[in-house]
Amino acid sequence: MEENKRIAEEEEEEVWSWGAGTEGQLGTEKLQDEHQPQLLRHHLSLSSFGPLSSLSCGGAHVIALTPGGRVLTWGRGTSGQLGHGEMVSSSQPKAVESLEGYVITHVSAGWNHSGFVSETGCLFTCGDGSFGQLGHGDYLSQCSPEKVSYFDSSHVEQIACGMRHSLVLGKDHLGNQVHGFGSGKRGQLGISYERVRSVNLPQTAMGLDNVQIVSIYANGDHSAALCAEGRLYTWGRGFNGASDMHVPWSVNTYLSFSHAALGWNHALLLSGDGDVFMLGSYGHGILTDPLMTTHVQHMDEESDKNALWRIPGLNGIEVLQIASGAEHSALVTDDGSVMTWGWGEHGQLGLGNTIDQPEPRVVSFGKSLAQRHLVSRVYCGSGFTYAIRTPGADSRISVGSI
Amino acid sequence: MTPPPPFNHLVKAARNPNFLRNQLRPRRDQMSYDDVEIEDMEWNEELQAFTYPCPCGDLFQITKEDLRLGEEIARCPSCTLYITVVYNIEDFSDSDFKNKNIEPPKQQPVAVA
């Protein structure tokens, strides 16, 4: 009985995508932008791989992870970031065959590179390596995942891939350590007070001694890490034109955070109470609509530039999850709704148009299944968005009782 | 954004008749997405252009010829967004190209088939 129910739920998992699609990153096989959520079951046989446990979306490619630790990739592959053994794009999900012998537990998609962490704590990378962001000690690109031998004697837990850099959360006899490699020009590696052009072997980030880091994040030229007590550290490119930070610093607030998401000019923070805050990007959502510039605040003080602000328009709605593209943002509320805001030129907000939005708006997935599903997760690539919707016990009960 | 000193404008105008026209050309009432130094752009052999990632997933692009003419704007073919390229026009001037045949800055894509 329990087993039957589980199978039924797996069958009902829905994968939706929208936004920029010309590189095949939406999985629709149409190679075009979509302004509204597209249900992928009709386009591709994702179901043959079973349910997905998580996604990571990069510049124009997607890495999907199954509960059994298999890895599927699709989208732009011209730098080898799909790991299929050739430098070609694919609009269909394909298994990364060279990882079949491993149970993969964590993945990250950067601008044009990819990282995979196995259950046994090994790290594999592939894709663009021109800035050393693969960590193999060279500047070569790879079209199949290659093991990063630097971590042979330690246990890797997470990888976070940015535009031209990578962060790794590892565990060794000294405890949790954050490592950086790739381009360091904006301070995004956190390895030195001096300006570092690039490094092609992992180096330990500074300023995080005696801090138990539990999550790491990278996007654009930004880096961030969250510690067990809920403090967020950021480094790399400054927000709102503030100067770059070459070593991690702690965001100055009494709030405690459970999740973070980085864009190319902003960071989203989810507090333990389900409130969402933003760091940076006073222009978020006004990239292409000059009429909205009234929302731009003039900032002179360095302290203003680094100030956190609460996302407007949520009015106490509890937020369960956040995600961030280059210039757009998404969240999941406790009633299962997906809301999006920010830059909308490619339909990445999924609101049926290309208009920028300064405040979160609810994405419509059509009426048919809406009441029967809770959206569990939302994921953003640079200019596109994915949602995985699974049936929720709560919503089923409420539907049944009507 | 701070305008460059007038002297730079004069130099550019003298070298490139299009420069002043470009300066005066009404662009969409939109800010440059970012200022990017030429050394941070990558030479793309296929596109024959210097490129930089655009937040839409495509690439901002500017050709050597554009740079030689004093153009500062790199555009994305998929978007309305553009970036301002920071560079020395002297590095791309006619004589340099003909005499020294200078190679573009580092960070060329490697091993791309």
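Quick note on labels: first sequence line is chain A, next is B, and so on, each numbered from 1. On a predicted model such as this, the values are computed, not experimentally measured, just so you know.
Annotation: maximal heavy-atom pairing with chain B below 4.5 Å, among His61(A), Arg237(A), Gln25(A), occurs at Arg237(A).
Between Trp343(A) and Cys79(B), the shortest heavy-atom distance links the atoms CH2-SG, 3.6 Å. Contact detail for Glu42(B) and Asp128(A): the closest heavy-atom pair is OE1-OD2, 4.3 Å. Here the closest heavy-atom approach between residue Trp111(A) and residue Asp58(B) is recorded as CH2-O, 3.3 Å. Closest approach of Arg164(A) and Asp40(B) over heavy atoms only: NH1-O, 2.8 Å.
Neither the backbone nor the side chain of Asp138(A) comes within less than 4.5 Å of any heavy atom of chain B. Within the 4.5 angstrom heavy-atom criterion, only side-chain atoms of Asp34(B), from C-beta onward, approach chain A.
Annotation: the span from Cys54(B) atom SG to His346(A) atom NE2 amounts to 6.0 Å, rounded to 0.5 Å. Remark: Glu345(A) CD to Cys76(B) SG distance equals 8.0 Å, nearest 0.5 Å.
With sequence neighbours excluded, the residues satisfying side-chain contact (heavy atoms from CB on, under 4.5 Å) with Glu86(A) are Val88(A). Under the side-chain contact (heavy atoms from CB on, under 4.5 Å) criterion, His165(A) pairs with Leu167(A), Gln188(A), Leu189(A), Ala218(A), Ser223(A), not counting sequence neighbours.
Inter-residue side-chain proximity for Cys56(B) and Gln348(A) is flagged as unmet; no heavy-atom pair is nearer than 4.5 Å.
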